[in-house]
Amino acid sequence: MEYSPNSIEEKWRVWWSENGTYKVSNDTDKPKYYVLDMFPYPSGSGLHVGHPLGYIASDIFSRYKRLKGYNVLHPMGYDAFGLPAEQYAVTMGVHPAASTNENIKRYRSQLDNIGFSFDWSREVKTSEPNYYKWTQWIFLELYDHYFDTDSNKAESIDALVKRFETNGNADVNAATTQDNTFTSVEWNALTPKAKSDILMGYRLAYRKVSTVNWCEELGTVLANDEVKDGVSERGGYPVIQKPVLQWSLRTTAYAERLLNGLDNVDWSDSLKTQQRNWIGRSEGARMFFNVADSDKTIEVFTTRPDTIYGATYMALAPEHEYLKELTTTDQKAEIDEYLTYVNTRSELDRMSDVKKVTGAFTGSYAINPMNGAKIPIWIAEYVLAGYGTGAIMAVPSDDERDNRFATKFGLKIIPVVDKSEYEGATLDDKVGKMINSDFLNGMEVKDAITAAINKMEEMGVGARKINYKLRDANYSRQRYWGEPIPIIYDADGVEHKMDISDLPLVLPDLDDFKPTADGKAPLAKKTDWTNLPNGFTREVDTMPGFAGSSWYFLRYMDPDNTEEFASPKALAYWKEVDLYIGGAEHAVGHLMYSRFWHKFLFDKGLVPVDEPFKKLVNQGMIQGIIEYMYLKKEKTDGVSHFVCSKIAQQEGGKDSDKFARIPVNVDFIQEYGSVDSYLDISSIKRFIDWRPDYADAIFECGKGIFQNGVFNATNGSTDSHLFTESEVGKMGKRYFNSVNPDDMVDRYGADCFRMYEMFLGPLEQAKPWDTKGIEGVSKFLRKFWALFYNEDKWLVVDEAPTKDEFKVLHTTIKKVSEDIERLSFNTCTSAFMVCVNELRKLDCHKKEILETLVVLIAPFAPHAAEELWHKFGNESSVHLGTYPIVNEDYLKEDTITYPICINGKKRATFDFASDASKEDMEAITRELEVVQKWAEGKSIRKVIVVPKRMVNVVVG
RNA sequence: ACCUCUGUAGCCCAACUGGAAGAGGCGCAUGACUUAGAAUCAUGAUGUUGUGGGUUCGAAUCCCACCAGAGGUACCA
């Protein structure tokens with residue numbers, strides 16, 4: 001029979017499901033192996049071809065490990081809470097639970113189509129109460145603990161309270177924002193509210209003021225993603241940074257352990273580097289500057305205490321707590337004006353716009369603790385409240401940004417480091433000899449740093465300190481579609497945790513998912529839910545997206561447990577994720593949060609290891625081509641005005657303020673993805689059908705204008721191309737460029753789709769989707785099939801294979817196994833192609849070869865392999881079989897052909913016996929005719945023999 | 001702006017630890033089969049390894065600078 005995937009694939013998917021082929025037991029003697037995918041957020045547009053890339057890779061690896069005799073846990077679930085479902089609810093009135101369930105159904109059918117070996121009985125959905133019960137429980141555990149720096153782990157708040165009651169806090173070393181010292185007597189005399197406030201400074205889940213993006217016109221808090229250039233993406237309204245009391249997680253407490261833990265995991269160096277940079281450990285000093293004519297002291301963190309004598313001004317973050325007190329009457333207007341400006345600036349704007357130097361003078365002065373110099377205190381947006389202490393001592397002579405600032409505002413610059421001995425050193429380089437620096441003069445920077453800190457400690461004006469860029473994670477969202485935070489407040493505003501027996505705190509139904517007029521979370525509207533009979537009120541913020549995804553991998557181990565998040569037995573067996581595959585876009589965020597949660601659970605003795613993911617691989621993103629149209633920001637005669645991208649280019653293109661770029665559905669585009677992609681008249685009409693709001697828009701093409709159904713050509717031209725701009729980028733709903741895997745599976749079959757995705761390129765590399773190449777893989781599968789079948793005839797014969805046939809097979813086993821181990825699936829695919837090409841040349845149809853080949857290819861093409869496996873008369877699944885072993889005897893060669901190079905250039909080849917020694921090879925090489933010829937009149941200086949590679953003769 | 005990664009034939013990519021620039025596929029060209037096309041089979045052409053420097057007997061690979069693209073930058077997921 002012909003290879004026709006559609007007729008066999010569905011059959012085997014049903015068979016696997018009915019036979020429970022992929023059901024995983026926690027109860028077995030087999031060694032375990034845990035292969036995890038980053039579970040998807042079920043978006044409204046369904047899976048696109050980028051999603052399955054990692055899933056296919058992990059599925060191949062799981063099937064491989066199963067064949068190798070492991071008990072493999074390979075689960076799947078859904079990260080089901082999230083903003084898009086809520087936005088959809090706000091605009092379309094569909095309950096997020098309903099749309100999410102619809103999306104999950106669609107995802108499931110798409111996933112099923114690809115033939116994954118997931119154990120669906122372990123499915124996890126983060127939006128299910130029986131799951132988020134435990135998310136809430138972990139949150140309360142975090143709330144109930146603080147980080148003790150003496151024991152270097154989380155300890156219970158109850159124990160801390162006992163210490164306060166007996167000894168106060170003087171001998172407590174903890175990760176805390178609490179810097180007042182109190183005695184037991186003082187503590188015991190405090191009101192419950194005051195005690196609660198102090199404990200907030202210790203808890204791992206705590207409340208503090210942090211800012212949100214607030215859009216007055218839309219009456220809502222916006223995600224960073226919804227803000228572009230300081231205005232809302234929707235409608236273009238102003239967005240300001242508004243301070244709100246919110247929950248946070250004290251991730252910083254674990255900074256050092258998060259950093260050290262990286263040494264013990266098998267992740268790529270680039271990924272570890274990204275995590276290390278995100279944690280951003282830096283050594284330096286904290287220093288205290290008194291404010292002139294005030295009792296205030298400003299704390300700064302600096303990595304360059306050596307440059308203290310060059311500190312000519314001080315810069316505070318505009319959010320600094322002392323700003324009010326420091327601003328003089330004269331300067332108030334200027335400061336207020338500046339604050340209004342800063343309010344419109346996102347953190348990203350503030351970091352990236354370094355060329356723009358802005359700031360304002362408070363009118364106050366600080367005293368340099370080392371020499372008593374009076375230096376002005378400014379506020380500047382380049383100082384971020386969240387980093388260090390939100391205040392810096394500025395040294396314009398040795399810091400690029402400070403230098404620009406000082407130059408612009410005419411502030412003093414005192415050179416303190418002489419770099420004349422270091423050619424090419426930049427301002428920021430930590431090299432040179434100290435000058436103008438009193439006792440530091442003449443020292444090298446490195447020594448001066450130590451000397452300066454020692455002196456400051458002696459004088460009591462500073463101390464050695466390690467600072468981290470890592471910030472505590474904001475844990476509050478003013479949203480509906482997330483886990484409710486199980487906290488209630490009494491009449492005094494003191495928070496209380498809910499009783500564990502009352503969990504889960506189920507998210508109540510709402511009809512209207514908009515926030516309240518004053519920006520409170522939607523749940524605030526549900527007064528019968530928020531107001532409890534005893535006068536207490538509920539927290540109305542919900543948890544962020546990362547809450548549910550920070551521990552889901554533990555739930556798969558024991559998904560139906562109602563007593564614990566997972567049983568100790570299940571946790572002890574599965575232990576940790578052995579291989580985690582997921583997108584590089586999660587390289588810091590999700591992985592950092594999961595590791596933090598896991599370390600906390602480890603401290604509690606609830607998980608057996610302190611790092612959750614042993615080996616981690618980021619698959620590269622499959623990109624799509626995004627097609628943009630240029631829209632003039634200002635309407636022409638009251639209607640929208642689109643401009644051909646080639647015309648827009650001449651006026652500055654995307655960098656110009658004149659244009660907005662809007663993504664177009666790529667289905668309308670001619671010459672999609674090329675430099676000359678365009679819309680013709682009929683595609684413009686389709687565009688208008690799609691976006692009726694642009695029905696009367698002007699479309700300015702290269703050679704004419706299209707409007708209201710009529711094309712007016714200039715110079716009688718018929719060329720009506722409206723060029724669009726193609727850009728490689730994310731595939732997704734917002735760019736209208738998704739390719740649905742179902743279409744590929746319908747057309748080519750799941751096995752072909754799977755192999756093609758792997759064949760596209762290295763797993764870790766980003767690559768644009770291109771449907772064209774899939775024909776090659778399809779052709780390969782037909783050729784593979786043709787080894788077994790000729791039309792309706794089963795060709796396989798029971799003859800003993802030849803040496804050559806064995807060699808082809810075992811070369812392939814070796815290559816494929818090695819490549820699977822290093823996750824190089826693209827080269828596996830081409831190894832199979834080579835193998836099939838060679839077997840065809842040998843006209844091989846031998847059972848012993850082909851049956852082994854079927855097992856070998858089973859992880860890649862599970863359906864075809866299963867079909868053929870059963871044709872061989874086997875009754876159990878090929879996927880529960882045994883992986884073939886390489887027999888090296890078939891791979892041996894008698895001679896190896898070496899290139900003979902003269903001075904690095906290949907001049908001849910020579911066959912050496914494969915077991916020849918280096919010395920023999922050198923001796924033979926020296927006598928070769930070519931070598932003699934090239935060495936004529938010169939001497940042979942050296943002969944380099946690289947076994948199995950080449951021979952190089954150096955003459956001269 | 002900062003952090004991370006990538007750049008090899010018209011295109012997707014191989015080249016493992018520094019050792020012959022080429023495995024596989026797409027596309028293209030020619031031939032076979034065919035009335036023709038499709039499918040299939042056979043054959044084979046294409047190079048400043050992004051640019052410039054350095055290290056080395058030898059560099060796609062290591063180092064430095066630059067250019068281009070992608071991902072992340074804490075409320076998209």
*Indicate for each nucleotide in nucleotides 9-25 of chain B, in 5' to 3' sequence, whether protein heavy atoms under 4.0 Å reach the base (B), only the sugar-phosphate (S), or nothing (-).*
---SSSS---BB--BBS
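- Among B:G71, B:A1, B:C75, the nucleotide with an atom closest to any side-chain atom of A:L348 is B:A1.
- With C1' as the reference atom, B:A42 and B:C33 are 11 Å apart, rounded to whole Å.
- The ring pair (Phe, Tyr, Trp, His ring centres under 6.0 Å) check on A:Y748 picks up nothing, with sequence neighbours excluded.
- Heavy atoms of A:S476 sit under 4.0 angstrom from at least one base atom.
- Applying the salt bridge (charged side-chain N to carboxylate O under 4.0 Å, His left out) criterion to A:R401, with sequence neighbours excluded, gives no partner residue.
- If you find the closest nucleotide of RNA chain B to A:S270 and to A:L470, the one lying nearer the 5' end belongs to A:S270.
- When the C1' atom is compared between B:G52 and B:A68, the two are found 15 Å apart, to the nearest whole Å.
- Looking only at atom types and distance, the side chain of A:T252 has a donor-acceptor partner in the side chain of A:D472 under 3.5 Å away.
- Here A:Q619 lies out of heavy-atom contact (under 4.0 Å) with every strand.
- For A:W278, counting side-chain heavy atoms from C-beta on, the closest listed nucleotide (B:G71, B:U73, B:A77) is B:U73.
- Nucleic acid contact class of A:P84 (heavy atoms, under 4.0 Å, all strands): sugar-phosphate only.
- Ring orientation note: the planes of A:F513 and A:Y480 are tilted relative to one another, at an angle of 30° to 60°.
- Looking at heavy-atom distances under 4.0 Å, A:R782 makes contact with sugar-phosphate atoms alone, never a base.
- Going from the C1' atom of B:A20 to that of B:G31 covers 31 Å, rounded to whole Å.
- Rounded to the nearest Å, the gap between the P atom of B:A60 and that of B:U51 is 11 Å.
- Identified under the side chain to side chain donor-acceptor pair (under 3.5 Å) test for residues 939-956 of chain A, with sequence neighbours left out: none.
- Residues in residues 767-778 of chain A take part in no salt bridge (charged side-chain N to carboxylate O under 4.0 Å, His left out) pair, two or more places apart or across chains.
- Scanning for side-chain contact (heavy atoms from CB on, under 4.5 Å) contacts around A:Y107 gives A:P40, A:P42, A:S43, A:L47, A:H51, A:Y78, A:Q110, with sequence neighbours left out.
- Using a 4.0 Å heavy-atom distance criterion, A:G82 is classed as a sugar-phosphate-only contact.
- Among pairs with a residue in residues 817-835 of chain A, those fulfilling salt bridge (charged side-chain N to carboxylate O under 4.0 Å, His left out) read A:K814-A:E818, A:K815-A:D819, A:D819-A:R822, at least two apart in sequence or across chains.
- With sequence neighbours excluded, the residues forming a side-chain contact (heavy atoms from CB on, under 4.5 Å) with A:H590 are A:M38, A:S549, A:Y552, A:Y580, A:H586, A:S594, listed by chain and number.
- Near RNA chain B, meaning a heavy atom under 4.0 Å from it, residues 41-57 of chain A has A:Y41 in order of number.
- Ring geometry, A:Y3 versus A:W785: the interplanar angle falls from 30° to 60°, so the pair is classed tilted.
- Using N1 to N3 plus N6-O4 or O6-N4 for Watson-Crick, or N1-O2 and O6-N3 for G-U wobble, each under 3.5 Å, B:G18 pairs with nothing.
- Residue A:R840 is in sugar-phosphate contact alone, with no base atom involved, counting any heavy-atom pair closer than 4.0 Å across all strands shown.
- Among the heavy atoms of the strands lying under 4.0 Å from A:N474 is at least one base atom, whether or not backbone atoms are also near.
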